[in-house]
Amino acid sequence: MVIPLLAALVIISAFLLGFHQVNWSRAMSNLITWISEGGFNTDVVAEGLYALLDTMYISAFATAAGTLIAFPLAALSTPSIAPAPIASVMRMFTSLIRTVPSLLYAVIGVIMVGPGPVAGALALTIYTTGYLAKLFYETFENVDKEFLDVMRTFTRSLPLLAHLVYLKLRKQFITNIMFVFEYNLRTAAVIGFVGAGGIGYYISQYISLLRYDAVFTLVLLTFLFVGVIDIISYIFRKKVLKG
């Protein structure tokens with residue numbers, strides 16, 4: 001039943017979006033032309049690698065800072081740990097953070113501190129906080145009620161109780177953090193288009209200059225970089241977290 005519904009949704013949405021009006025033969029021809037005429041420009045490789053480092057720094061900062069903020073927010077959002085009224089308010093607050101796209105946070109960051117990686121780091125930190133808070137409080141809710149009851153016989157301290165839950169489910173918490181870090185890497189490459197640093201900023205500049213060879217080179221470097229990070233993350237999850 002689900003598959004026919006999804007198929008119907010795809011067909012209706014595609015029609016409303018105007019997919020049937022696109023000249024797909026010309027679209028593919030344009031893509032092939034860009035790839036064949038773009039070429040690989042070695043002159044921008046050093047600049048691209050520097051920009052990718054910026055992207056990595058933005059992602060690392062946002063993930064680390066967002067984790068530090070999201071963990072206590074998640075604990076306060078979990079009714080089995082925090083008082084129910086507080087949990088309801090905090091859950092609404094973190095949900096509100098998530099409703100704003102990271103790209104809009106990037107625009108706000110650029111308005112506040114000007115173009116550059118700081119704006120991107122601030123934007124992704126805010127979005128990461130909301131996103132991780134949701135993943136974390138769902139993890140908190142997965143802990144056995146019996147475990148919480150036993151832990152409450154030893155302590156009533158909310159921070160200590162949250163820490164004990166973390167120790168029990170730390171692999172799941174770490175998996176969530178790594179997932180968000182990978183997401184932030186991809187997003188950091190996009191928010192640069194509005195001036196928030198990272199390799200996206202350089203790509204947007206070369207697009208405006210019609211330097212498609214440079215654009216092709218930077219896009220290729222981004223694919224390779226993200227691919228390597230994905231492989232490292234997969235190996236870590238398989239060997240360390242599941243080992």
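Here the structure is a predicted model, which is why all the values come from computation and not from measurement.
- Cluster membership check: Leu68 does not share its hydrophobic cluster with Met178, using side-chain heavy-atom separations under 4.5 Å among Ile, Leu, Val, Met, Phe, Trp and Tyr.
- Ala119 and Gly114 make their closest contact through CB-O, 3.6 Å (heavy atoms, listed as atom of the first residue, atom of the second, distance).
- In this structure, Leu96 shares a hydrophobic cluster with no other residue, the cluster being traced through Ile, Leu, Val, Met, Phe, Trp and Tyr side chains under 4.5 angstrom apart.
- Looking at residues two or more places apart in sequence or on another chain, you find no salt bridge (charged side-chain N to carboxylate O under 4.0 Å, His left out) involving Glu47.
- Nearest approach of Pro115 to Val110, heavy atoms of both residues: N-CG1, 3.9 Å.
- Residues satisfying the side chain to side chain contact (heavy atoms under 4.5 Å, CB included) criterion with Phe19, sequence neighbours excluded, are Ala14, Leu17, Trp24.
- Among residues two or more places apart in sequence or in another chain, the ring pair (Phe, Tyr, Trp, His ring centres under 6.0 Å) test is passed with Phe173 by Phe71, Phe136, Phe140, Tyr166.
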Problem - Worked check of side-chain contact (heavy atoms from CB on, under 4.5 Å) between Leu5 and Leu9 - result: CA-CA 6 Å; Leu5 284 174; Leu9 181 61; over 6 Å; no
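- Both Phe216 and Met28 belong to a single network of hydrophobic side chains, linked directly or stepwise wherever heavy atoms of I, L, V, M, F, W or Y lie under 4.5 Å apart.
- Ile108 contributes atom CD1, which lies 8.5 Å from atom CE of Met112 (distance to the nearest 0.5 angstrom).
- No more than 12 heavy-atom neighbours from other residues, nucleotides or ligands sit within 6.0 angstrom of OH on Tyr57.
- For Ala62, the side chain to side chain contact (heavy atoms under 4.5 Å, CB included) partners at least two apart in sequence or on another chain are Leu124, Thr125, Thr128, Asn184.
- Atoms OG1 and CD1, from Thr55 and Ile199 in turn, are 6.0 Å apart once rounded to the nearest 0.5 Å.
- No donor-acceptor pair under 3.5 Å is formed between the side chain of Ser59 and the backbone N or O of Phe181.
- Under the 4.5 angstrom side-chain criterion for Ile, Leu, Val, Met, Phe, Trp and Tyr, the cluster partners of Ile232 are Val228.
- Rounding to the nearest 0.5 angstrom, the gap separating the OH atom in Tyr183 from the OG atom in Ser102 is 4.0 Å.
- If you take CE on Met92 and OG1 on Thr94, they are separated by 10.0 Å, rounding to the nearest 0.5 Å.
- For the pair Thr63 (side chain) and Ala60 (backbone), a donor-acceptor distance under 3.5 Å is absent.
- Both Leu52 and Phe223 are members of a single hydrophobic cluster when ILVMFWY side chains are connected at heavy-atom separations under 4.5 Å.
- Between Gly192 and Ser204, the shortest heavy-atom distance links the atoms O-OG, 4.1 Å.
- Dense packing is recorded around CZ of Phe193, with more than 12 heavy atoms of other residues, nucleotides or ligands lying under 6.0 Å away.
- The heavy-atom pair separating Ala189 from Thr222 by the smallest distance is CB-CG2, 4.4 Å.
- Residues passing the side chain to side chain contact (heavy atoms under 4.5 Å, CB included) test with Pro79, sequence neighbours excluded: Ala87, Arg91, Glu141.
- Summarising the geometry of Ala70 relative to Leu132, their closest heavy-atom pair is CB-CB, 3.7 Å, with the distance given to 0.1 Å.
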Problem - side-chain contact (heavy atoms from CB on, under 4.5 Å) between Met56 and Ile229, worked out - result: CA-CA 10 Å; Met56 172 71 85; Ile229 295 297; 3.7 Å; yes
Practice task
Could you please spell out the steps behind the side-chain contact (heavy atoms from CB on, under 4.5 Å) verdict for Leu185 and Phe225?
Solution key: CA-CA 10 Å; Leu185 273 177; Phe225 178 75; 3.8 Å; yes
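- Arg211 is listed as a side-chain neighbour of Asp213, based on a closest heavy-atom distance under 4.5 Å.
- Shown here are the side-chain hydrogen bond (donor to acceptor under 3.5 Å, both in side chains) partners of Asn176, two or more places apart in sequence or in another chain: Thr139.
- Contact annotation: the side chain of Tyr137 never approaches that of Leu76 to less than 4.5 Å [non-hydrogen atoms, C-beta and beyond].
- Judged as a side chain to side chain contact (heavy atoms under 4.5 Å, CB included), and not counting sequence neighbours, the contacts of Ser29 are Thr33.
- Residues Leu53 and Leu49 do not share a hydrophobic cluster, defined by chaining ILVMFWY side chains whose heavy atoms lie under 4.5 Å apart.
- Shown here is Tyr131, whose OH atom has no more than 12 heavy atoms of other residues, nucleotides or ligands within 6.0 Å.
- Evaluation of the side-chain hydrogen bond (donor to acceptor under 3.5 Å, both in side chains) rule for Glu138 yields Lys134 as partners, not counting sequence neighbours.
- The distance from atom CD1 of Ile191 to atom CG of Leu104, rounded to the nearest 0.5 Å, is 12.0 Å.
- Connection of Phe179 to Phe61 is not established within any shared hydrophobic cluster, with ILVMFWY side chains joined at heavy-atom distances below 4.5 Å, either directly or through further cluster members.
- One finds the CG atom of Leu218 at 5.5 Å from the CD1 atom of Ile203 (value rounded to the nearest 0.5 Å).
- The ring pair (Phe, Tyr, Trp, His ring centres under 6.0 Å) search around Phe15 returns His20, not counting sequence neighbours.
- Between Gly195 and Tyr201, the closest heavy-atom pair is CA-CD1, 3.9 Å.
- Take Arg186 and apply the salt bridge (charged side-chain N to carboxylate O under 4.0 Å, His left out) test, not counting sequence neighbours, and it matches Asp230.
- Under the 3.5 Å distance criterion, the side-chain polar atoms of Tyr105 are matched with a main-chain donor or acceptor of Ile97.
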